[in-house]
Amino acid sequence: MIAEFGGQGNIASVQAALRAVLGPQADEQSPWYYPSVGEYAPILERHGLEVSNASLFNRPTPLEGENGLEQWLRMFTGSYLRQFSVEQANGIVSNLVEHLRPTLYRDGVWTVDYRRLRVLAIRTV
């Protein structure tokens, strides 16, 4: 098995902004699971896979256009926004964008702080 997905610390700035805008309950609403190498390898081993290589690394990911972050938020934060009216959700997205602008927007480009976990495992059973 070869897999790559969000790892520990993935989109940490977005998650911090969600907590800042929505409050501490944002963590309870999170649909995301971003494990560490030490957390994920034993899960694979319990299911008959031997982890031969695993790495956690930063992969800053640029988004297209001035509205790139807004579009990204609308795509990936539905589980947070669906409880609000359209007007309220629009306001939350605007607040998130402004909260994240100082850290994720440079030289006209939005860059999300992705961290990836890459794993190579072989079936042992």
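Just the heavy atoms: all of them, side chains too, but no hydrogens, waters or symmetry mates, feed the values below.
Closest non-hydrogen pair, R116 versus G6, comes out as NH1-N, 3.3 Å. Between P35 and Y40, the shortest heavy-atom distance links the atoms CG-CD1, 3.7 Å. Scanning all heavy atoms of the two residues, the minimum distance from D113 to A12 falls at OD2-N, 3.4 Å.
Between the T77 side chain and the M75 main chain, no donor and acceptor come within less than 3.5 Å of each other. In this structure, the side chain of Q71 does not engage the main chain of G68 through any donor-acceptor pair within 3.5 Å. In this structure, the side chain of T124 engages the main chain of G48 through a donor-acceptor pair within 3.5 Å.
Annotation for Q83: atom CD counts as buried by contact number, over 12 foreign heavy atoms lying within 6.0 Å. Atom CD of E39 is surrounded by more than 12 heavy atoms from other residues, nucleotides or ligands within 6.0 Å.
Ring pair W72/F76 is tilted by interplanar angle, where 30° to 60° counts as tilted.
With a 4.5 Å cut-off on side-chain heavy atoms, Y80 and V21 do not count as touching. Using a 4.5 Å cut-off on side-chain heavy atoms (C-beta onward), R74 and N90 make contact. For the pair L73/V14, a side-chain contact is recorded, criterion being any heavy-atom separation below 4.5 Å from C-beta on. Residues I92 and L81 meet the side-chain proximity criterion, which asks for heavy atoms closer than 4.5 Å. Contact annotation: the side chain of N10 never approaches that of F5 to less than 4.5 Å [non-hydrogen atoms, C-beta and beyond]. Considering only heavy atoms from C-beta on, L117 stays 4.5 Å or farther from Q8 through its side chain. Looking at L69 and V112, their side chains come closer than 4.5 Å, going by heavy atoms from C-beta outward. No side-chain heavy atom of L63 sits under 4.5 Å from any side-chain heavy atom of V109.
Rounded to the nearest 0.5 Å, atoms CD (E98) and CG (L100) are 9.5 Å apart. Rounded to the nearest 0.5 Å, atoms CH2 (W110) and CG (N67) are 9.5 Å apart. How far CD of E50 is from CG of L120: 10.0 Å, rounded to the nearest 0.5 Å. Separating the OG atom in S13 from the CG atom in L104 is a distance of 4.0 Å, to the nearest 0.5 Å. A distance of 12.5 Å separates OG in S30 from CD in Q25, rounded to the nearest 0.5 Å. Taking CG from D27 and CD from Q15, the interatomic distance works out to 7.0 Å, rounded to the nearest 0.5 Å.
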Residue pair R59, T61: steps toward the side chain to side chain contact (heavy atoms under 4.5 Å, CB included) verdict:
CA-CA 6 Å; R59 194 190 81 203; T61 302; 3.5 Å; yes

Residues R101, E66; criterion salt bridge (charged side-chain N to carboxylate O under 4.0 Å, His left out); working and verdict:
CA-CA 11 Å; R101 186 175 297 280; E66 174 66 30; 3.6 Å; yes

Please test L44 against V119 for side chain to side chain contact (heavy atoms under 4.5 Å, CB included), starting from the C-alpha separation and ending with a verdict.
CA-CA 10 Å; L44 294 176; V119 180; 3.5 Å; yes

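Using a 4.0 Å cut-off between charged nitrogen and carboxylate oxygen, R123 and E45 do not count as a salt-bridge pair.
If you chain together hydrophobic residues whose side chains sit under 4.5 Å apart, I2 and F57 never meet in one group. Hydrophobic clustering, with ILVMFWY side chains joined whenever heavy atoms are under 4.5 angstrom apart, groups Y33 together with V51. At a threshold of 4.5 Å between side-chain heavy atoms, the hydrophobic network of Ile, Leu, Val, Met, Phe, Trp and Tyr places W32 and L56 in two separate groups.
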